[in-house]
Amino acid sequence: MTDLLNFDKVKYIGNSGFKAGDGFHFYNPEEEIQGKKMKDWLKFSVAYWHTMDQRLVDPFGDGTAVRPWDSISDPMDQALAKVDYLFEFLDKMDVDYFAFHDRDLAPQGNTLRETNANLDKVIDKIEQKMHETGKKLLWNTSNLFTDVRFLAGGATSPFADVFAYAGAEIKHSLEIAKRLGSESYVFWGGREGYDYLENTDTKRELDHIAAFFRLAVDYAKEIGYKGQFLIEPKPMEPTSHQYDRDAQTAIAFLKTYGLDKDFKLNLEGNHAFLAGHTYEHEVRFAREAGLLGSLDANMGDKLIGWDIDEFPNDIYESTLVMYEFLLNGGLPTGGLNFDAKPRRQSFEMEDLRLGHMAGMDTYAAGLRVASKLLDDKYFKGILEDRYSSFDSGIGADFEAGKTKFADFENYVIDKPESEIFKNVKSGRQEQIKSTVNNYIFNVLGGK
Ligand code: XLS
Ligand code: NI
Ligand code: NI
């Protein structure tokens with residue numbers, strides 16, 4: 001292993017002391033939780049576009065990032081050098097997976113052929129490094145949003161040449177997925193939506209993107225790529241309206257077009273927030289539909305409307321997300337990808353280390369608390385009790401399909417209103433929230 005990065009391998013030090021940064025307080029890779037090692041549950045992943053490429057720009061300011069590979073001026077040399085940095089970073093952070101867009105890795109050429117050749121040089125090196133280190137690709141994807149040609153989308157572009165380009169680009173990405181054994185293949189439709197309804201043929205665009213997804217599935221079959229296809233919902237940004245705006249919308253889309261057997265969802269914390277949901281809401285709805293695929297573990301900011309991709313640090317949120325995750329039996333073909341970057345004022349390499357540590361500890365802590373909630377059947381008990389009137393009498397008859405509206409009428413018609421309300425119980429939200437706090441304090445406090 002190279003020694004390019006100026007820090008030691010991060011180790012588990014336990015919940016010792018308050019100050020973060022010396023080691024993992026909650027992430028103990030080898031420790032078993034619910035019968036499985038933490039590292040096998042959590043499958044953390046480094047996002048190439050953030051950790052290796054992101055300059056920490058914002059809409060008003062240049063990038064502030066200071067990175068050790070900045071001094072390499074030739075773009076291909078830099079692209080190849082970053083692979084060494086990535087693999088050393090994975091090793092030192094004790095992260096087993098990474099994820100990338102095709103265009104994160106290498107500069108574009110004058111034709112797609114040239115671009116593919118640049119990309120393949122970097123893929124060759126990545127393949128060799130994966131072989132040497134045992135690190136794995138959680139997912140890859142194609143960038144169909146940065147280049148000007150994609151100003152109106154890729155698979156929903158009104159322009160056939162651009163649409164064809166998008167198809168050709170995905171073809172190569174699927175070949176890479178197959179070659180590197182990518183566990184999943186992601187479609188995030190940043191520009192697959194519209195800015196203005198009245199110049200957009202929404203039906204035609206949706207038909208196009210559904211057929212495009214079908215072609216991707218067909219090509220994967222043709223080349224023998226067996227990874228899980230994922231759609232990553234987001235409500236907006238950069239478009240005013242992205243078609244797969246949230247989990248329920250994406251599920252409806254997949255079912256409408258008969259794609260739900262081939263696709264699952266990759267859910268991102270910040271996207272949930274932009275859609276006006278909590279992260280746990282998105283994960284819940286995907287899980288219940290049997291379509292929970294993977295997680296982009298990041299956080300939004302209540303004070304700024306953008307997709308700011310902050311590293312996770314909210315244990316309340318990670319606990320509730322991990323609870324849904326455990327009910328799902330984890331993420332067999334997915335993981336927790338840090339689609340996250342340090343703040344613009346956290347511009348040093350050290351902040352990348354601290355950011356990933358924060359994210360890993362936050363989700364490891366969430367997993368610990370969620371595991372205890374599961375063992376104690378705390379939420380399960382609440383639900384069983386709250387819906388228990390459907391376990392007998394008129395409720396059970398209804399669930400068994402034995403009732404019609406006339407039966408309900410007979411049942412209630414002469415009952416005084418007070419009788420009906422007698423069995424309505426308090427939701428006890430304050431108590432539940434406070435109990436979750438107690439779980440967090442007590443489980444993480446080691447009691
Ligand atoms: C952008 C998305 C993007 C996807 C991959 O908001 O989160 O980073 O995860 O294209
Ligand atoms: Ni994402
Ligand atoms: Ni995002």
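Both ligands and their constituent atoms are indexed starting at 1 by order of listing.
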Is it the case that atom CG in Asp375 sees more than 12 heavy atoms from other parts of the structure closer than 6.0 Å? yes

Can you check whether Tyr257 reaches Leu206 side chain to side chain, under 4.5 Å on heavy atoms? yes

Residues Asp147, Gln108; criterion side-chain hydrogen bond (donor to acceptor under 3.5 Å, both in side chains); working and verdict: CA-CA 10 Å; Asp147 191 275; Gln108 286 208 55; 2.9 Å; yes

Neighbouring residues of ligand 1, heavy-atom cut-off under 4.0 Å: Trp49, His101, Trp139, Trp188, Glu232, Lys234, Glu268, His271, Asp296, Asp307, Asp339

Every N, O or S from the protein that is nearer than 2.8 Å to the Ni ion (ligand 2): Glu232 OE2, Glu268 OE1, Asp296 OD2, Asp339 OD2

Begin from the C-alpha positions of Phe159 and Phe163 and carry the test ring pair (Phe, Tyr, Trp, His ring centres under 6.0 Å) through to its verdict. CA-CA 6 Å; Phe159 311 108; Phe163 185 90; over 10 Å; no

Lys43 vs Leu331, side chain to side chain contact (heavy atoms under 4.5 Å, CB included): CA-CA, chis, key distance, verdict: CA-CA 9 Å; Lys43 293 169 69 184; Leu331 302 169; 5.9 Å; no

With under 30° as parallel and over 60° as perpendicular, where do the rings of Phe338 and Phe311 fit, or are they tilted in between? tilted

Going by the rule side-chain hydrogen bond (donor to acceptor under 3.5 Å, both in side chains), which residues pair with Lys433 if we only count those two or more places apart in sequence or in a different chain? none

Name of the Asp307 atom (N/O/S only) found closest to the Ni ion (ligand 3): OD2

SB check Lys82 Asp53 (cutoff 4.0 Å): yes

Hits for ring-ring contact (aromatic ring centres under 6.0 Å, His included) against His277, two or more places apart or cross-chain, chain-then-number order -> His281

Going through the distances and angles, do Tyr323 and Asn328 end up as a side chain to side chain contact (heavy atoms under 4.5 Å, CB included)? CA-CA 9 Å; Tyr323 181 73; Asn328 195 60; over 6 Å; no

